[in-house]
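Each remark here refers to the structure printed beneath this line.
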Amino acid sequence: VQLQASGGGLVQAGGSLRLSCAASGGYFSTYQMGWFRQAPGKEREIVAGIEWSGDRTYYANSVRGRFTISRDNARNTVYLQMDSLKPEDTAIYSCAAAARGPYYHASSFTYWGQGTLVTVSS
């Protein structure tokens, strides 16, 4: 499966952005999907995960209540709605797919797309 993230940009603190990740090839509707981020000088971390059906989701403590992950299996797309953005959310955001393993384990994800840069100014 090939993944392409989009929707990043520059936003002021308190603002919102919506990231999209379009998938091609593979069997999107059977994959767990996730969003990850990597800030300068920091390790990559899982931000949110969603089960193949969309019924179950996972959020990192740092974004719970502000970010929402969703998916549209008919469009082979996963989204990340980011609200109440903070400067510490600044990072490169990447989407990833897991053919097996739980949606809340970073180690499950083996297919990666290019990232999109999100910059939150104070």
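When reading the values below, keep in mind they use all heavy atoms of this one structure, side chains included, and skip hydrogens, waters and symmetry mates. In this chain, numbering begins with 1 at the start of the sequence shown.
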Residue pair Leu80, Thr68: steps toward the side chain to side chain contact (heavy atoms under 4.5 Å, CB included) verdict: CA-CA 6 Å; Leu80 185 68; Thr68 303; over 6 Å; no
Here the pair of heavy atoms bringing Gly34 nearest to Phe109 is N-CE2, 3.3 Å
Heavy-atom pair of closest approach, residues Ala5 and Cys95: CB-SG, 4.3 Å
Do we get Arg71 above Tyr79's six-membered ring, with its NZ or CZ under 6.0 Å from the centre and within 45° of the axis? no
Out of curiosity, does Met33 fall in the hydrophobic cluster containing Phe36 (side-chain heavy atoms, cut-off under 4.5 Å, transitive links)? no
Can you confirm whether Ser16 sits close enough to Gln81 that some side-chain heavy atom of one is under 4.5 Å from a side-chain heavy atom of the other? yes
Taking C-beta and beyond as the side chain, do Val11 and Thr119 meet within less than 4.5 Å on heavy atoms? no
Among all residues two or more places apart in sequence or in another chain, which pass the side-chain hydrogen bond (donor to acceptor under 3.5 Å, both in side chains) test with Gln2? none
Evaluate side chain to side chain contact (heavy atoms under 4.5 Å, CB included) for Gln4 paired with Cys21, printing each intermediate quantity in order. CA-CA 5 Å; Gln4 180 63 55; Cys21 174; over 6 Å; no
Output all residues satisfying salt bridge (Lys or Arg N to Asp or Glu O under 4.0 Å) with Arg64, sequence neighbours left out; order by chain, then residue number. none
Interatomic distance, [X] atom [atom1] to [Y] atom [atom2] [nearest 0.5 angstrom]:
X: Ser84; Y: Arg66; atom1: OG; atom2: CZ; value: 7.0 Å
X: Gln114; Y: Ser6; atom1: CD; atom2: OG; value: 11.5 Å
X: Leu3; Y: Ser94; atom1: CG; atom2: OG; value: 10.0 Å

Using a 3.5 Å cut-off and no angle test, enumerate the donor-acceptor pairs between side-chain atoms of residues 96-107 and protein atoms at least two apart in sequence or in another chain.
none

So does Glu88 have more than 12 non-hydrogen atoms from other groups sitting under 6.0 Å from CD? yes
Does anything in residues 1-35 pair up under ring pair (Phe, Tyr, Trp, His ring centres under 6.0 Å), and if so which pairs, sequence neighbours excluded? Tyr31-Tyr111
Donor-acceptor pairs under 3.5 Å, side chain of residues 43-60 to any protein atom, not counting sequence neighbours: which ones?
| from | atom 1 | to | atom 2 | distance (Å) |
| --- | --- | --- | --- | --- |
| Glu45 | OE2 | Arg37 | NE | 2.7 |
| Glu45 | OE2 | Arg37 | NH2 | 3.2 |
| Glu51 | OE1 | Ser53 | OG | 3.3 |
| Ser53 | OG | Asp55 | N | 3.2 |
| Ser53 | OG | Asp55 | OD2 | 3.3 |
| Tyr59 | OH | Ile69 | N | 2.9 |

Whether the Thr77 and Asp72 side chains hold a donor-acceptor pair (N or O, under 3.5 Å, no angle test) is what I'd like checked. no
Consider side-chain contact (heavy atoms from CB on, under 4.5 Å). Of Thr90, Asp89, Leu19, which one does Val118 pass it with? Leu19
What's in the same ILVMFWY side-chain cluster as Leu10, cut-off under 4.5 Å, chained through other members? none
Is Thr116 reaching over with its side chain to a backbone N or O of Gly8, donor-acceptor style, under 3.5 angstrom? yes
